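Report on the following structure.
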Amino acid sequence: MPMEKSFDAAAREPALYDAWEKAGCFVAGAGAKPGASAFSILLPPPNVTGFLHAGHGFNHTLMDILTRWHRMKGDDVLWQPGLDHAGIATQLVVERQLSEQGIKRTDLSREDFVAKVWEWKATSGGKIVEQDKRLGCSMDWTREAFTMQGAPGDPSPEDGPNFHDAVIRVFVDMYEKGFIYRGKRLVNWDPHFETAISDLEVENKEVPGHMWHFKYPLAGGATYTYVEKDEDGNVLFEEERDYISIATTRPETMLGDGAVAVHPSDERYAPIVGKLCEIPVGPKEHRRLIPIITDEYPDPDFGSGAVKITGAHDFNDYEVARRGGIPMYRLMDMKGAMRDDGAPYAEAAAIAMAVAKDERTLGEAEADSVNLVPDDLRGLDRFEARNAVVEQITEEGLAVMVPPTDPRLGEPAKALAPEEGGERRLDQLTPLVESKPIMQPFGDRSKVVIEPMLTDQWFVDTDKIVGPALDAVRSGEVKIIPESGEKTYFHWLENIEPWCISRQLWWGHRIPVWYGFDLHANGFRDDEGDGALDEVELGRILSSDSLSNGELKPHCAADFDTVKSRFGDLLDDLPTPLNHARVVEVESRDNALHVMAKSLADYAVSQDPTQLVYPVWRDPDVLDTWFSSGLWPIGTLGWGDDDQSFMERYFPTSVLITGSDILFFWVARMMMMQYAVVDQKPFDTVYLHGLVRDAKGQKMSKSIGNVVDPLDLVEKYGADAYRFNNAAMATMTGTIRLDEKRIEGYRNFSTKLWNAFRFAEMNGALEMQGGARPETSHAVNAWILGETGRARDAVDAALAGFKFNEAADAIYKFVWNVVCDWYLELSKPLFSSDDAALVAETRATLAFVLDRCLALLHPMMPFITEELWAGERMLAISEWPTEGASDLVDPAADAEISWVIALIEAIRSVRGELNVPAGLKVELLQIELDDAGRAAWAANAEIIQRLARIETLTEASELPKGALTIAVKGGTFALPLAGIVDVEAEKARLAKTLGKLEKDLGGLNGRLKNPKFLDSAPDEVVAETKALLAEKTDEKQRLETAAARLAEL
RNA sequence: GGGUGAUUAGCUCAGUGGUAGAGCGCUUCGUUCACAUCGAAGAUGUCAGCAGUUCGAAUCUGUUAUCACCCA
């Protein structure tokens, strides 16, 4: 049955994929040669909520190309797929779904909610898997992993590597090595999701904002002389002031100020450093006083040069406060509203006053319990509170006032003349509020303004684990390409901050740490020293507030039994009866308080120490998603399992291909964590690529509406065309733009290949076995074998260097411009030959060449090549061509066919330029020709005549008048078409060609006459230049002769 | 403000020391049987500017301009 006219991608591609899967082509090690070296590649796990977008499509295509290439080469290949549980994103999706049913997350228990997430995952998660199959990705689906695999609630924990166990083991390991700690730190707080997020998940955006200027009055009405001088020390301005001027973009945080800071060199404020000033907001009778301190942070040239310090709500202030021992007062609750808890303002303010006057100090927990929000502002949203604070200060006259013409106010209000109804008020002052763009942090998922918030969080002490990750890249043990990625990598890691890994979510790996009350540190004294506690002593435990506020005793372990025995050991050291208490797990600290109290009360009655319990509770937080994905290499390969065969075979992995946008998020963290845990690199090479943009170069975004769905393109043009486009766009430095026209072009390319097979079919070449190298007698056949070898070398070299675009370019040019444009055309006369041996040889050659085209193209266009493939095994696991140019090139045939092609092109060019009718068969005159040319003509006369439309070849001793001249290497030909073509046009053509030649010759001569060139240029270059000069000189002479002859007319 | 990268044909981009390339688009011509999702021919560039290094620079160095991204 003859072939269809073209390949029906939409219908055939899915079927071909099924066939691969059924044949087990993608299972780890498929097609591997005995003793093969390993090639492993990790899929950067897409979010379980995700759908295939253009970025995935690009990224996955590149990985598939490498994977298929190595698999065909016979390597032991694993492409490890899987999904990321994506904490916030997934919780958000499921919360949204629940809210459609009118259910809030908090209506459910944590356990029930997590069960809903698993339910959602089973029905709606991981859609991207099917999409990857449509794309042709050859991942080993039998090993599909999930970063929450095996976690509590997982309905099918056996479906993949137990990732949860690995994550918990790593946490415990790193905790025990001292790489992880817990502490109260300022973190980015997302008030929408009510969780900490990392600074990488914060987008800083410039938005219109305001800068308010306020007066902080000096305590007790003190005054000083405020003097401003220019650079030369001349006094510009001088006045007596009883305040210090402060500028802020966030007035609501003034309530939590702990100090005012000025630069130590700032002479303007030197007289008042060390004095106290008043925060100009809050009830008059409880105005707080704060000290004026010096710190390097304030910029004397910015604003007034004085900065208010709110350690609990600003990252810069936090550092200043830490350096200066300034108390940090948290003002907001977890939703970003002003706090509404704790003692009334008057009490809180009194405590803060005492601290400011050095009359008392506060522990961390105590400071956190002080709510300095005035009673009337409590519970307000932070932005409402801002307005209220501004209003109150302004009303009290403590805003800095300026004339309405002050340029800092921006466009001055147009003063209306009294006769126009306006009032003359130029002498009236107005509050100084500058309108200016300010940088504001937004949550990349929630899109709400991020609040720096002082909370208890877990951190990875990155300083302790960053060293090996840096050394590995510095030493070249791990290579990042393109090289610019290494610079970025160093820059970030050399300035790395502690990594906050706790998240206040329900969906994620729960931190394996349990807390109990620290009974050793607080709460009891054994008055009698008899090793036993009486009722009074036990009572003290309950009455002290250390149980509700004090420090806790944490224990970290992979399972509760271990934790239990650790706490048990702790209790053993305690006096009777506490040393008899049983460790029990409760929900929370509050529960524990009740349980503890009840247990002690019961004991007081029963005096039975075996009934005493010691409650412990687990940390409610989960780990940052990037903590678990940081373990992707070892977690997917079974680290810590009994079966270590995959770790041994495939770790460290070979290549990581990922977007440069997650160099920090993921790549750097994998580096740090694999070294920290197994002290090995996670991969040899990291290939970073850019963001995929639309055809105009704009970032794809839902709000612009320019998002391209790669599957639409796949449906329209076939996965092969889409993939080939991805390969062709994958340059080292380039930005990637998705241009549909280009994809269409590659669809056309696949059709071209298809039709080459139709041609082969019609000429009986598809019945041949394409595998073995044919014996060739004809130069055309010998020549194309050499070209095939060159193509293999080019594709191999390109892929080995991760130059996907060069590989695509090489195979495209070979298939279209060499095989289709020339070899198929050159073979036509051979197929119609009477010489049966020649026909057979040509069939075998064509079969061989097309076979190689399929193999070389397969990694990039797997579907159509597999469809056309007729080998015994599927192409996906068939052998990659091994014969290169050095095996296949025949120099004599090469020279002969190159000459033939050049002649055909020259004749066509002359015909085309001078408008010789395309269909007209013309006579060709051979004016002069060297022996090589004569031999080449003789061997290929039929071919040349057919492709150049030549009726006859006649030898002639000189150019007839008005003929068109064709100069080739070693000879001159002519087309005697005096009557048909315009002589003037031929004159013009010759003049133009000669002009170009002369220019070229000028350059060549210039170089060769320069002794320095001859001395310092490499010999090859000199030889090439000389050869080129000779050739061009020759051609010039021939054309000059022709021009002279033409001039005779 | 700091870092990184880019600036080449009308458009989108390759090209890391040896006389500038591709795809698309454009112009002219062409459907005899592999292919009109095609074929043949053609036009198009101060390689952002300036200054260096070199026998030789799109390529290396410095500098300016513009743009993009990342980080403050």
Side-chain angles (χ1 to χ4, degrees), chain A residues 2-3 5-7 199-200 202-204 299 315-316 439 482-488 490-492 495 660-661 663-664 690-691 693 695-699 717-718 721 725 728-763 765 803 805-806 808-809 812-813 816-817 820-821 824-825 827-828 846 904-905 907-919 947-949 996 999-1004 1006-1018 1020-1022 1024-1025 1028-1029 1032:
Chain A
M3 289 170 66
K5 282 203 85 172
S6 63
F7 176 58
D199 38 2
L200 293 172
V202 174
E203 289 171 356
N204 288 296
D299 175 359
F315 284 98
N316 289 314
M439 288 304 279
E483 210 177 323
S484 59
E486 296 191 351
K487 286 184 193 166
T488 319
F490 291 140
H491 188 254
W492 191 69
N495 298 288
S660 48
D661 52 330
L663 177 63
F664 308 138
L691 228 59
R693 294 152 183 282
K696 290 177 196 150
Q698 273 191 303
K699 229 173 180 170
Y717 300 105
N725 181 65
M729 298 307 293
T731 60
M732 283 290 176
T733 49
T735 52
I736 302 131
R737 301 194 190 198
L738 208 49
D739 181 358
E740 197 168 324
K741 291 296 286 179
R742 195 153 175 165
I743 299 175
E744 187 183 350
Y746 293 127
R747 189 272 320 270
N748 295 352
F749 171 65
S750 68
T751 305
K752 189 79 182 172
L753 176 75
W754 183 266
N755 279 293
F757 273 79
R758 291 187 71 211
F759 172 81
E761 183 191 39
M762 289 174 187
N763 287 289
K803 293 176 177 174
N805 62 317
E806 289 182 14
D809 192 49
Y812 183 96
K813 283 203 168 86
W816 199 315
N817 302 119
C820 291
D821 285 352
L824 297 191
E825 296 302 329
S827 73
K828 284 174 184 174
L846 180 56
I904 294 168
E905 279 181 332
I907 297 171
R908 282 175 171 176
S909 179
V910 169
R911 291 180 59 132
E913 275 187 68
L914 297 177
N915 294 317
V916 176
L947 297 188
R949 305 210 139 263
K996 214 170 166 186
K999 193 182 152 221
D1000 289 352
L1001 286 169
L1004 292 168
R1007 288 161 72 191
L1008 286 167
K1009 279 179 184 159
N1010 185 340
K1012 284 184 180 170
F1013 173 71
L1014 296 173
D1015 284 349
S1016 35
E1020 299 162 18
V1021 174
V1022 175
E1024 266 173 39
T1025 311
L1028 207 55
L1029 180 73
K1032 298 231 177 203

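As the structure is a computational prediction, the values presented were derived from the model and not from experiment. Chain naming here is simple, since letters A, B, ... match the order of the sequence lines and numbering starts at 1 in each.
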Inter-nucleotide [atom1] distance ([N], [M]), Å rounded:
{"N": "U44(B)", "M": "G21(B)", "atom1": "C1'", "answer": "13 Å"}
{"N": "A48(B)", "M": "A9(B)", "atom1": "P", "answer": "9 Å"}
{"N": "C26(B)", "M": "A65(B)", "atom1": "C1'", "answer": "32 Å"}
{"N": "G49(B)", "M": "A41(B)", "atom1": "P", "answer": "33 Å"}
{"N": "C71(B)", "M": "G17(B)", "atom1": "P", "answer": "33 Å"}
{"N": "U19(B)", "M": "U4(B)", "atom1": "C1'", "answer": "34 Å"}
{"N": "G23(B)", "M": "A34(B)", "atom1": "C1'", "answer": "23 Å"}
{"N": "U46(B)", "M": "U8(B)", "atom1": "C1'", "answer": "12 Å"}

Tell me the interatomic distance from [X], atom [atom1], to [N], atom [atom2], rounded to whole angstroms.
{"X": "L914(A)", "N": "A41(B)", "atom1": "CG", "atom2": "C1'", "value": "11 Å"}
{"X": "F759(A)", "N": "G39(B)", "atom1": "CZ", "atom2": "P", "value": "15 Å"}
{"X": "E1020(A)", "N": "G17(B)", "atom1": "CD", "atom2": "P", "value": "14 Å"}
{"X": "K5(A)", "N": "C38(B)", "atom1": "NZ", "atom2": "P", "value": "12 Å"}
{"X": "K1012(A)", "N": "C55(B)", "atom1": "NZ", "atom2": "P", "value": "5 Å"}
{"X": "H491(A)", "N": "G5(B)", "atom1": "NE2", "atom2": "P", "value": "12 Å"}
{"X": "K487(A)", "N": "G2(B)", "atom1": "NZ", "atom2": "P", "value": "17 Å"}
{"X": "L947(A)", "N": "G39(B)", "atom1": "CG", "atom2": "P", "value": "14 Å"}

Inset, instruction - Kindly say whether, by distance alone, the side chain of E825(A) makes a donor-acceptor pair under 3.5 Å with the base of A34(B)? - result: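 It does, because a donor-acceptor pair links the side chain of E825(A) to the base of A34(B) below 3.5 Å.
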List the residues meeting side chain to side chain contact (heavy atoms under 4.5 Å, CB included) with [X], not counting sequence neighbours, and say none if there are none.
{"X": "S750(A)", "result": "M861(A), I864(A)"}
{"X": "A721(A)", "result": "Y717(A), I743(A), Y746(A), R747(A)"}
{"X": "D661(A)", "result": "L691(A)"}

Among [options], which nucleotide sits nearest the side chain of [X]?
{"X": "M762(A)", "options": "G18(B), A14(B), C33(B)", "value": "C33(B)"}
{"X": "F664(A)", "options": "C70(B), G18(B), A72(B)", "value": "C70(B)"}
{"X": "C820(A)", "options": "A34(B), A41(B), A72(B)", "value": "A34(B)"}

Give me the atom names and distance for the closest heavy-atom approach of [X] to [Y].
{"X": "A948(A)", "Y": "R911(A)", "answer": "O-NH1, 3.1 Å"}
{"X": "M3(A)", "Y": "E761(A)", "answer": "N-OE1, 3.2 Å"}
{"X": "G485(A)", "Y": "L663(A)", "answer": "O-CD2, 3.7 Å"}
{"X": "C820(A)", "Y": "A756(A)", "answer": "SG-CB, 4.0 Å"}
{"X": "R742(A)", "Y": "A728(A)", "answer": "NH2-CB, 4.1 Å"}

Inset, instruction - For F7(A), check ring pair (Phe, Tyr, Trp, His ring centres under 6.0 Å) against everything at least two apart and list the hits. - result: W754(A)
Legend entry - D1000(A) vs K996(A), salt bridge (Lys or Arg N to Asp or Glu O under 4.0 Å): CA-CA, chis, key distance, verdict: CA-CA 6 Å; D1000(A) 289 352; K996(A) 214 170 166 186; over 6 Å; no
Inset, instruction - Look only at the side chain of T1025(A) and the backbone of V1021(A), and say whether a donor-acceptor pair between them is shorter than 3.5 Å. - result: yes
Inset, instruction - Could you say whether R908(A) or K803(A) is positioned toward the 5' end of RNA chain B, judged by the nucleotide with the nearest heavy atom to each? - result: K803(A)
Inset, instruction - For A756(A) and for L1014(A), find the nucleotide of RNA chain B with the closest heavy atom, then tell me which residue's nucleotide is more 5'. - result: A756(A)
Inset, instruction - Any chance you could measure D809(A), atom CG, to K803(A), atom NZ, to the nearest 0.5 Å? - result: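 Here the interatomic distance stands at 12.5 Å.
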Look at the side-chain N and O atoms of [X] and state whether any lies under 4.0 Å from the OP1 or OP2 oxygen of [N].
{"X": "K828(A)", "N": "A34(B)", "value": "yes"}
{"X": "T751(A)", "N": "C35(B)", "value": "no"}
{"X": "N204(A)", "N": "A72(B)", "value": "yes"}
{"X": "K752(A)", "N": "G39(B)", "value": "yes"}

Report, one pair per line, the protein and nucleotides 42-44 of chain B atoms (nitrogen or oxygen only) whose separation is under 3.5 Å.
unit_1: G42(B); atom_1: OP1; unit_2: S909(A); atom_2: OG; d: 3.1
unit_1: A43(B); atom_1: OP1; unit_2: K992(A); atom_2: NZ; d: 2.9

Test side-chain hydrogen bond (donor to acceptor under 3.5 Å, both in side chains) applied to [X] - qualifying residues, sequence neighbours left out:
{"X": "D821(A)", "answer": "N817(A)"}
{"X": "N805(A)", "answer": "none"}
{"X": "Y812(A)", "answer": "none"}

Legend entry - Stems involving RNA chain B, each a run of at least 3 consecutive Watson-Crick or G-U pairs under 3.5 Å: B:1-7 with B:65-71, B:10-13 with B:21-24, B:26-30 with B:38-42, B:48-52 with B:60-64
Inset, instruction - Let me have a per-nucleotide readout for nucleotides 19-25 of chain B, 5' to 3', with B, S or -, counting only protein heavy atoms under 4.0 Å. - result: B----SS
Legend entry - Heavy-atom protein contacts under 4.0 Å, nucleotides 56-63 of chain B, coded B base, S sugar-phosphate only, - none: --------
Inset, instruction - Report which part of the nucleic acid P917(A) touches: base, sugar-phosphate, or nothing (heavy-atom distance under 4.0 Å, all strands). - result: nothing
Please tabulate, one pair per line, all N/O donor-acceptor pairs under 3.5 Å involving side-chain atoms of residues 1006-1017 of chain A, not counting sequence neighbours.
unit_1: N1010(A); atom_1: OD1; unit_2: K1012(A); atom_2: N; d: 2.9
unit_1: S1016(A); atom_1: OG; unit_2: K1012(A); atom_2: O; d: 2.4

